[in-house]
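Residues take their numbers from the sequence shown, with the count starting at 1. All of these numbers come straight from a predicted model, not from anything done at the bench.
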Amino acid sequence: QVQLVESGGGLVQPGGSLRLSCAASGNIFSINAMGWYRQAPGKQRELVATITSGGRTTYADSVKGRFTISRDNAKNTVSLHMNSLKPEDTAVYYCNADAVLTTNLRVRDYWGQGTQVTVSS
């Protein structure tokens, strides 16, 4: 099993900053890509940013230049630094990881419980 626990969500004013963190634990053999997704009320879950084990990143156009994703492979953590936040960034943010367990050779997709980010004055 793999468990992902997010932290760092909260209320922030427009233009403010916030940092989200996610820690993976369990019987992990390796983790390939990790990422952040978000889902606002009434909307589909969307990709925010991803990062490979080698550090290659991708970003949604809506957050490019404002958000930065990073990871610590040794600690199995991934972070999302969010700057210049806008009200439209309000959503539940979910951590995602593609991991291989020690018990098998199959890559599986895992999700955290989510953390609420609210951008409002």
S.K.: When you measure from the side chain of Arg66 to the backbone of Ser84, do you find a donor-acceptor pair of N or O atoms at a distance under 3.5 Å?
M.R.: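 Yes.
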S.K.: More than 12 non-hydrogen atoms from neighbouring residues, nucleotides or ligands closer than 6.0 Å to CD on Gln44, yes or no?
M.R.: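 For Gln44, atom CD is not crowded (no more than 12 foreign heavy atoms under 6.0 Å).
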S.K.: After noting the C-alpha distance and the side-chain angles of Tyr110 and Gln3, does the key distance pass the side-chain contact (heavy atoms from CB on, under 4.5 Å) rule?
M.R.: CA-CA 8 Å; Tyr110 297 90; Gln3 296 82 42; over 6 Å; no
S.K.: Atom OG in Ser21, atom CH2 in Trp36: separation rounded to 0.5 Å?
M.R.: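 Ser21 OG to Trp36 CH2: 6.5 Å, rounded to 0.5 Å.
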S.K.: Less than 3.5 Å apart, any donor N or O on the side chain of Asn27 or Thr102 sitting next to an acceptor on the other?
M.R.: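 Short answer, no.
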S.K.: Yes or no on side-chain hydrogen bond (donor to acceptor under 3.5 Å, both in side chains) for Ser17 and Asn83, after CA distance, side-chain angles and deciding distance?
M.R.: CA-CA 4 Å; Ser17 299; Asn83 299 313; 3.0 Å; yes
S.K.: Surrounding CD of Gln113 (heavy atoms of other residues, nucleotides or ligands, distance under 6.0 Å), is the total greater than 12?
M.R.: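 Not buried by this count: 12 neighbours or fewer within 6.0 Å.
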S.K.: What's the spacing between Asp98 CG and Arg108 CZ if we round to 0.5 Å?
M.R.: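 If I round to the nearest 0.5 Å, the distance is 11.5 Å.
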S.K.: Hey, could you give me the CE/CG distance between Met34 and Leu4, rounded to the nearest 0.5 Å?
M.R.: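 Met34 CE to Leu4 CG: 6.0 Å, rounded to 0.5 Å.
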S.K.: Would His81 and Ser70 satisfy side-chain contact (heavy atoms from CB on, under 4.5 Å), going step by step from the backbone distance to the final call?
M.R.: CA-CA 8 Å; His81 295 258; Ser70 62; 4.2 Å; yes
S.K.: Does Arg19 use its side chain to pair, donor to acceptor, with the backbone of Ser79 at less than 3.5 Å?
M.R.: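 Not a single qualifying donor-acceptor pair exists.
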S.K.: Let me have the donor-acceptor pairs involving side chains of residues 114-121, under 3.5 Å, with sequence neighbours excluded, atom names and distances please.
M.R.:
| residue | atom | partner | partner atom | Å |
| --- | --- | --- | --- | --- |
| Thr115 | OG1 | Gly9 | N | 3.3 |
| Gln116 | NE2 | Ala91 | O | 3.4 |
| Gln116 | NE2 | Thr118 | OG1 | 3.3 |

S.K.: For Tyr94, is the NZ or CZ atom of Arg45 found under 6.0 angstrom from the centre of its six-membered ring and inside 45 degrees of the ring axis?
M.R.: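 The answer is yes, since Arg45 meets both limits relative to Tyr94.
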S.K.: Quick one: pull up OG1 in Thr90 and CG in Leu11 and give me the separation to the nearest 0.5 Å.
M.R.: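 It comes to 8.5 Å.
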S.K.: Quick check: do Asn76 and Ile28 have side-chain heavy atoms less than 4.5 Å from each other?
M.R.: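 Touching, per the 4.5 Å side-chain cut-off.
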S.K.: When Ile, Leu, Val, Met, Phe, Trp and Tyr are grouped by side-chain heavy atoms lying under 4.5 Å apart, directly or through other members, which residues fall in the same group as Phe29?
M.R.: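 Joined to Phe29, directly or through intermediates: Val100, Val107.
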S.K.: As an exercise, state the distance from CG of Asn96 to CG of Leu47, rounded to the nearest 0.5 Å.
M.R.: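 That separation rounds to 8.5 Å.
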S.K.: Run the salt-bridge test on Lys64 and Asp61 with the 4.0 Å N-O cut-off and return the result as yes or no.
M.R.: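 Yes, Lys64 and Asp61 are salt-bridged.
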S.K.: Treating Tyr59 as the side-chain partner and Ile69 as the backbone partner, does any N or O pair qualify as donor plus acceptor under 3.5 Å?
M.R.: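 Between the backbone of Ile69 and the side chain of Tyr59 there is a qualifying donor-acceptor contact (under 3.5 Å).
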S.K.: To the nearest 0.5 Å, what is the distance between CD1 on Ile31 and CG on Leu101?
M.R.: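 Ile31 CD1 to Leu101 CG: 10.0 Å, rounded to 0.5 Å.
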S.K.: The test is ring pair (Phe, Tyr, Trp, His ring centres under 6.0 Å); show your working for Tyr37 and Trp111 and say whether it passes.
M.R.: CA-CA 10 Å; Tyr37 295 71; Trp111 294 90; 4.9 Å; yes
S.K.: Of the options Leu80, Val48, Val92, which is the one that meets Arg38 in a side chain to side chain contact (heavy atoms under 4.5 Å, CB included)?
M.R.: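 Single side chain to side chain contact (heavy atoms under 4.5 Å, CB included) partner of Arg38 among Leu80, Val48, Val92: Val48.
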S.K.: What are the two closest non-hydrogen atoms of Glu6 and Cys95, and how far apart are they?
M.R.: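 That closest heavy-atom pairing would be OE2-N, 2.8 Å.
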